[in-house]
Undergrad: 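Okay, handing you the structure first.
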Amino acid sequence: MRFLASLVSVANFVCVLVLADSTVSLRVSRDASVSFNGILCQNDTVPCSSIPLGLQTKLVAFKGNRDYSRILLGFDLPLNSVKKCVLQVPAPVDIAGPGYSLTASVTDDFWDEATVSGFTKKIDGTPVGSTNVTGRVASEIDVTSACVGAKNNKLSLFVDTSFPLVAFNSIQSGNSDVFKLDYSF
Ligand SMILES: *[C@@H]1O[C@H](CO)[C@@H](O)[C@H](O)[C@H]1NC(C)=O
Ligand SMILES: *[C@@H]1O[C@H](CO)[C@@H](O)[C@H](O)[C@H]1NC(C)=O
């Protein structure tokens, strides 16, 4: 009987292991700000949207009347098929008002952190989730549908704001508080 009881408890244990989801925290692999506005930079000589911003220490989202900057994030995904995935947004380093909205859109993976600009990156994206944030706090956006549709184990997301300027640490900041993805399988 005791042998049988321990067999049953082993069976229960195995069952729990199979049913429980595993979640890994994936740090962003590539990140950049991309300017899509029509403004000229460098003493009005060069379109701002032609300048690569991917190696700067800050990621900036901004939506003005003429200025427009989006954050672009690239993740390398595990081979496991995904059950849920949630974008972990760090606390901002700059905000222009008391609160801001963030919308994540899935976009193509054809970009390189060092060279991407509004001249080379297609602006197209499909919105997958959004959040409203008040203050300098971390937040999250469920982007499961983007992970489910990801190809070649890569995921690229635009992050936009509808309120003026919000900025976050980029990979180049050296700070550990950067964008991450909680990936459950
Ligand atoms: C812009 O023009 C000013 C005045 O001519 C000059 O001093 C400055 O170096 C220029 N800046 C750039 C980025 O070209
Ligand atoms: C964010 O706020 C706007 C304006 O109040 C509202 O329309 C929208 O539904 C909110 N979004 C979320 C995800 O709560």
Side-chain angles (χ1 to χ4, degrees), residues 21-39 48-49 53-54 56 58-78 80-109 111 116 118 121-151 153-171 173 175-185:
D21 287 0
S22 300
T23 300
V24 290
S25 173
L26 307 172
R27 195 171 182 269
V28 66
S29 300
R30 301 164 284 286
D31 61 11
S33 307
V34 185
S35 168
F36 286 104
N37 63 49
I39 292 177
C48 301
S49 39
L53 305 169
Q56 296 191 350
K58 277 185 193 176
L59 300 170
V60 178
F62 182 78
K63 186 120 199 217
N65 290 332
R66 294 173 60 222
D67 308 27
Y68 182 28
S69 175
R70 312 179 97 175
I71 293 170
L72 181 59
L73 306 172
F75 292 93
D76 295 325
L77 305 180
N80 316 65
S81 60
V82 67
K83 286 186 179 157
K84 182 173 186 182
C85 85
V86 178
L87 181 66
Q88 297 294 339
V89 179
V93 291
D94 290 327
I95 47 176
Y100 54 96
S101 74
L102 292 179
T103 299
S105 304
V106 63
T107 188
D108 68 78
D109 302 309
W111 58 278
V116 67
K121 178 70 189 73
K122 278 195 191 163
I123 197 169
D124 310 21
T126 307
V128 288
S130 64
T131 186
N132 291 327
V133 187
T134 304
R136 291 173 182 262
V137 294
S139 59
E140 55 181 44
I141 304 174
D142 191 319
V143 294
T144 302
S145 64
C147 290
V148 168
K151 294 186 179 67
N153 302 102
K154 287 194 186 309
L155 175 68
S156 291
L157 297 171
F158 274 129
V159 176
D160 278 301
T161 182
S162 63
F163 295 110
L165 201 139
V166 55
F168 303 91
N169 281 320
S170 76
I171 294 169
S173 72
N175 196 299
S176 60
D177 200 20
V178 292
F179 280 86
K180 291 177 184 129
L181 193 67
D182 281 355
Y183 188 95
S184 303
F185 52 93

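Residues: numbered from 1 along the sequence shown. Every heavy atom of this structure was used, including side-chain atoms; hydrogens, water molecules and symmetry mates were not. Whatever order the structure lists them in is the order used to number ligands and atoms, beginning at 1.
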Undergrad: After noting the C-alpha distance and the side-chain angles of Asp94 and Lys58, does the key distance pass the salt bridge (Lys or Arg N to Asp or Glu O under 4.0 Å) rule?
TA: CA-CA 9 Å; Asp94 290 327; Lys58 277 185 193 176; 2.6 Å; yes
Undergrad: Has Asp109 got a side-chain atom pairing as donor or acceptor with Ser156's backbone, closer than 3.5 angstrom?
TA: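 Confirmed, Asp109 side chain pairs with Ser156 backbone.
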Undergrad: Using protein heavy atoms only, decide if any is under 4.0 Å from atom 5 (O) of ligand 2.
TA: no
Undergrad: Look at the aromatic rings of Phe168 and Phe179 and report parallel, tilted or perpendicular, splitting at 30° and 60°.
TA: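 If you compare the ring of Phe168 with that of Phe179, the planes turn out perpendicular.
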Undergrad: Using heavy atoms and a 4.0 Å limit, tell me yes or no: is Ser101 in contact with ligand 2?
TA: no
Undergrad: Answer yes or no: is there an ion pair linking Asp76 with Arg30, defined by an N-O contact shorter than 4.0 Å?
TA: yes
Undergrad: Might you work through the side chain to side chain donor-acceptor pair (under 3.5 Å) test for Ser101 and Ser162, ending with a clear yes or no?
TA: CA-CA 6 Å; Ser101 74; Ser162 63; 2.6 Å; yes
Undergrad: Return the closest protein heavy atom for atom 9 (O) of ligand 2 as residue, atom name and distance.
TA: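 Its nearest protein heavy-atom neighbour is Asn132 ND2, 4.8 Å.
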Undergrad: My question is simple, although I want it checked carefully: is atom 11 (N) of ligand 2 less than 4.0 angstrom from any protein heavy atom?
TA: yes
Undergrad: Return the closest protein heavy atom for atom 13 (C) of ligand 2 as residue, atom name and distance.
TA: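 Here the nearest protein heavy atom works out to Ser130 O, 3.5 Å.
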